[in-house]
*Asks:* 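Here it is: the structure, laid out below.
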Amino acid sequence: MLSSEISAIKNSKISRKTIYYTIIMILLGEFLTWKSYFFQSVAGYPHRVPASQIINPPTAAFLSLNSSGEFLQLILMSLMPMFLILITIQRSIERSQDNSTFVLYTRMGNLNKSLINGQLVQFTIFTLLYIALFAGDFLINIVLFHRGTSFKGVEDATINSHLLSLELSHPYLTYLIFIFVVSVAFGIYAVVTYVLALSLRKTFLVYLVSLGLWIMMFALPYSSSYFMQPFIEYDWKEYGLSMLSYLVICGAVILVGNWIVRLQSHHIYAK
């Protein structure tokens, strides 16, 4: 099932274009950051820029949202559910609109197996995709700002955050951990979107609900951004409660969505 989904992505123009545009936006954001710092550095230090005046690579990278290309990064983060749908979920919506699929799964006793496999495939594809994207972006930043040690004044906030102090002491390791954590979180939301596609079965509703739910989790008192963005002034409590609220909401949607899909399949088969 994983190989067939990967083949479908390769053969889909929409899927390929969405991935290409994502890569281009990430690269453009890094270019804008480099351009901004390059011209500032040349103006102030025509011979050699001190390392203290060059931004630290992890601080300039995508997840830190702390660069001149921040507006592109915000677009990618806020509209992430739409990218999920365009890459793979749209095909799930189209398949779910065919009632014969539910009847076939129910008759064969394969509904539970199919649901679990489908969710694992979505989780695997998007977790690995975002690990590759974020890791590639990080490597580019290491090359562009390889001597940088500046955290742009963020270190002044360490007095209020033990977590931030720890992050700034090990910025490269911190960013690698965040790449993994955020990629897994995106993989989980791919499962949420997949379940919404199967249960709602309407393209407009899937876009509306998945995007609305995503924005809502960022607007909560313990915003999802707290555990997705490194080098911010929040401490362990905010980080933990942010992640917990994200997992609880996503878990609840996945469980309810699976239950609805099973009800729909039995109802269709009963007809």
*Asks:* If hydrophobic residues (ILVMFWY) are linked whenever their side-chain heavy atoms come closer than 4.5 Å, directly or via other members, who joins I116 in its cluster?
*Replies:* L120
*Asks:* I'd like to check the side-chain hydrogen bond (donor to acceptor under 3.5 Å, both in side chains) partners of S225; sequence neighbours left out, ordered by chain and number.
*Replies:* S223
*Asks:* Between Y226 and Y222, what is the ring plane arrangement, given parallel below 30°, perpendicular above 60°, and tilted in between?
*Replies:* perpendicular
*Asks:* Could you go through F204 and L208, starting from their C-alpha distance and side-chain angles, then the distance that decides it, and tell me whether this counts as side-chain contact (heavy atoms from CB on, under 4.5 Å)?
*Replies:* CA-CA 6 Å; F204 172 75; L208 181 65; 4.0 Å; yes
*Asks:* Examine distances only and state if a side-chain atom of E238 and a backbone atom of D235 form a donor-acceptor pair shorter than 3.5 Å.
*Replies:* yes
*Asks:* Starting from L86, can I reach I24 by hopping between I/L/V/M/F/W/Y residues whose side chains sit under 4.5 Å apart?
*Replies:* no
*Asks:* Is there a donor-acceptor pair closer than 3.5 Å between any side-chain N or O of S161 and the backbone N or O of Y234?
*Replies:*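 Present.
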*Asks:* After noting the C-alpha distance and the side-chain angles of Y189 and V192, does the key distance pass the side-chain contact (heavy atoms from CB on, under 4.5 Å) rule?
*Replies:* CA-CA 5 Å; Y189 204 77; V192 170; 4.1 Å; yes
*Asks:* Calculate, to the nearest 0.5 Å, the distance between atoms CG and CD1 belonging to D137 and I23 respectively.
*Replies:*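 Rounded to the nearest 0.5 Å, the CG-CD1 separation comes to 11.5 Å.
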*Asks:* Taking side chain as C-beta onward, heavy atoms only, is F227 less than 4.5 Å from L247?
*Replies:* no
*Asks:* Using side-chain hydrogen bond (donor to acceptor under 3.5 Å, both in side chains) as the criterion, list what pairs up with Q119, not counting sequence neighbours.
*Replies:* N258
*Asks:* Looking at every heavy atom in both E167 and P230, which two are closest together, and how far apart are they?
*Replies:*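 Scanning both residues, the minimum pair turns out to be OE1-C, 4.0 Å.
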*Asks:* Name the residue from F178, F123, W214, F180 that meets the ring-ring contact (aromatic ring centres under 6.0 Å, His included) definition with F186.
*Replies:*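 For F186, the ring-ring contact (aromatic ring centres under 6.0 Å, His included) check succeeds only for W214.
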*Asks:* For a side-chain contact (heavy atoms from CB on, under 4.5 Å) check, start with the C-alpha distance between S15 and K10, then their side-chain angles and the critical distance, and finish with the verdict.
*Replies:* CA-CA 7 Å; S15 298; K10 290 179 179 178; over 6 Å; no
*Asks:* Could you see if L176 belongs to whatever hydrophobic cluster contains L128? Use Ile, Leu, Val, Met, Phe, Trp, Tyr and a side-chain cutoff under 4.5 Å.
*Replies:* no
*Asks:* Between Q229 and S64, do the side chains contain a donor N or O and an acceptor N or O under 3.5 Å apart?
*Replies:*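 Distance-only check fails for S64 and Q229.
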*Asks:* Under a 4.5 Å side-chain heavy-atom rule over Ile, Leu, Val, Met, Phe, Trp and Tyr, are Y172 and I55 clustered together?
*Replies:* yes
*Asks:* So, taking the atom named CG in L144 and the one named CG in L139, what distance separates them when rounded to the nearest 0.5 Å?
*Replies:* 11.0 Å
*Asks:* CG/L84 to CG/L129 distance, rounded to the nearest 0.5 angstrom?
*Replies:*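 Interatomic distance, L84 CG to L129 CG, rounded to 0.5 Å: 9.0 Å.
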*Asks:* Which heavy atom of V261 sits nearest to which heavy atom of L198, and what is that distance?
*Replies:* CG2-CB, 3.7 Å
*Asks:* Go through the steps for T88 and V121 under the test side-chain contact (heavy atoms from CB on, under 4.5 Å), then give the verdict.
*Replies:* CA-CA 10 Å; T88 68; V121 165; over 6 Å; no
*Asks:* Starting at CE of M80, measure out to OH of Y130 and round the result to the nearest 0.5 Å.
*Replies:*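 These two atoms lie 5.5 Å from each other.
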*Asks:* For the residue pair I125 and I9, establish whether any side-chain heavy-atom pair is separated by less than 4.5 Å.
*Replies:* yes
*Asks:* Would you call the rings of Y175 and F231 parallel, tilted or perpendicular, taking 30° and 60° as the class edges?
*Replies:* parallel
*Asks:* When you measure from the side chain of S210 to the backbone of V206, do you find a donor-acceptor pair of N or O atoms at a distance under 3.5 Å?
*Replies:*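 Yes; judged by distance alone, with no hydrogens or angles, the pair exists.
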*Asks:* Which heavy-atom pair separates F83 from I75 by the least distance, and what is that distance?
*Replies:*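 For F83 and I75, the tightest heavy-atom pair comes out as CE1-O, 4.5 Å.
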